[in-house]
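I have placed the structure first, in the form of structure tokens, so that the comments after it can refer back to it.
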Amino acid sequence: MDIKAALRAQHIETPSWAFGNSGTRFKVFAQRGVPRDPYEKLADAAQVHAYTGIAPTVALHIPWDKVDDYADLARHARELGVGIGAINSNVFQDDDYMLGSVTHPQARVRRKATDHLLECVDIMDATGSDTLKLWFSDGINYPGQDDLRARQDRLAESLARVYGRLGEGQRFLLEYKLFEPAFYATDVPDWGTAYAHCVKLGPKAQVVVDTGHHAPGTNIEFIVAFLLREGKLGGFDFNSRFYADDDLMVGAADPFQLFRIMFEVIRGGGLRDEVAFMLDQCHNIEPKIPGQIRSVMNVQEATAKALLVDREALAAAQSAGDVLGANAVFMDAYNTDVRPLLAELRQEMGLAPDPMAAYARSGYFEKIAADRVGGEQAGWGA
Ligand code: LRH
Ligand code: MN
């Protein structure tokens, strides 16, 4: 395996919303220089690609990134040297969706929700994106509040309507989440539910694994291995957490877990374009562009370490039942300092060896902090 070739071909997708203000229900802290519109978000995302060389696409979130001319936004992205990645729908911020969106008891509300999802497919057509990412906050807070099975019927019907609209080369990724904002039952709570719906729908429907959406103690790399084996792993929403859906920088809370996940990706043949490696994070208190650069580097480091696993030695130890031997092969790779290798690779790619230092030296932040005065800073609009 030509490790450098694999690393050079790596493709991490940044989320437009990571460049806007974000926070918790307690406080959303505003930061200087935050973008006021999707054009400025793309400019910031292009900085991440400029210094890492492996973040060439940006995911959009609708309506947070609503513009009059999506083709023009895609042109702007190209001028900046990036492309439009996954289109994220949003049926979780409208008063009509209090009791659900695609699973709501009333057909009128379900129609409104699926109409938005179809509008997102139109935006895929206009921007050249081939991926629609679907996350539903749908769920209930109290036992008896609604019929769990009927909600699954409604979900299946709504997903089928969207599936039917997908064009050639287009797909949707169904995201699951254990809880929040629903606190008793979520309609797509786990990988099994997402997988079952996607299998029923067909090859254009796959599962996205958000690393912050599992019960504590969940073996996420097992889910990754399983979905890859089934050809149903569509991608990742990378972030990390100590407790719940904290949306912290990927690899920050548990770099060993990220390494184990990337090992299963490589072992399962998933280090290829069909699997979308997206970041889904919120930089509530840290500077946003450096936060994204650090996150891309964390995925790159975990990938480099996972590529260094001596697969032959591992297979030999595994088949010999050499428990400690096999674990040692695995840990040797994890304990390898790959930073010199990555610094060398960046220089071979014509980049500065240390992206964080290079970005800090660029003066880009000082420029946007001075230029972006007035107007409304972007955020979740929640
Ligand atoms: C839900 C989620 C989903 C996005 C949102 C920004 O928690 O992970 O992927 O739409 O965050
Ligand atoms: Mn997510």
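Both counts, for ligands and for their atoms, begin at 1 and track the order of listing.
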Please classify the F136 to ligand 1 contact at 4.0 Å (heavy-atom distances, strictly less than): side chain, backbone, both or neither. neither
Close approach of H61 to ligand 1, heavy atoms, under 4.0 angstrom: yes
Identify the closest protein heavy atom to atom 9 (O) of ligand 1: which residue and atom is it, and at what distance? E175 OE1, 2.7 Å
Between D247 and ligand 1, which residue portion shows a heavy-atom distance shorter than 4.0 Å: side chain, backbone, both, or neither? neither
Ignoring angles and geometry beyond distance, decide whether W17 reaches within less than 3.5 Å of ligand 1 through its nitrogen or oxygen atoms. no
Close-contact set for ligand 1 against K177 heavy atoms, below 4.0 Å: 7 (O)
Given 3.5 Å as the limit, does a donor-acceptor pair link the side chain of D246 with the main chain of Y243, or not? yes
Given the ring of Y195, does K232 sit roughly above its face, with NZ or CZ under 6.0 Å from the centre of the six-membered ring and within 45° of the axis? no
Angle in degrees, rounded to 10°, that OD2 of D237 and OD2 of D210 form at the Mn ion (ligand 2): 110°
Assess, by modelled atom type and distance only, whether the side chains of Q300 and T52 contain a donor and an acceptor separated by less than 3.5 Å. no
Looking at D280, the N/O/S atom that lies nearest to the Mn ion (ligand 2) is called OD2
With a 4.0 Å cut-off on N to O distance, would you call D237 and K177 a salt bridge? no
For a 4.5 angstrom cut-off between non-hydrogen side-chain atoms, does L134 reach S89? yes
Tell me whether W135 has any N or O atom under 3.5 angstrom from an N or O of ligand 1. no
In terms of ring plane angle, is the pair Y359 and Y364 parallel, tilted or perpendicular, where the classes change at 30° and 60°? tilted
Quick one: does W380 get an N or O within less than 3.5 Å of an N or O on ligand 1? no
of all protein heavy atoms, closest to atom 11 (O) of ligand 1 is D280 OD2, 3.3 Å
Which distance, rounded to the nearest 0.5 Å, do you find between the CG of L178 and the NE2 of H214? 9.0 Å
Which N, O or S atom name in E175 marks its closest approach to the Mn ion (ligand 2)? OE2
Checking side-chain hydrogen bond (donor to acceptor under 3.5 Å, both in side chains) against N21, which of H283, Q377, Q31 comes through? Q377
Side chain or backbone, does K133 bring an N or O within less than 3.5 Å of an N or O on ligand 1? yes
Under the 6.0 Å and 45° cation-pi test, does R165 pair with Y163? no
So if I count the atoms of ligand 1 from 1 in the order they appear, which ones are less than 4.0 Å from some heavy atom of D210? 8 (O)
Counting only heavy atoms, which portion of D237 has something under 4.0 Å from ligand 1: side chain, backbone, both, or neither? side chain
Atoms of ligand 1 close to D245 [distance to a heavy atom under 4.0 angstrom, numbered from 1]: 7 (O)
Donor-acceptor contact below 3.5 Å, side chain S22 vs main chain C282: no
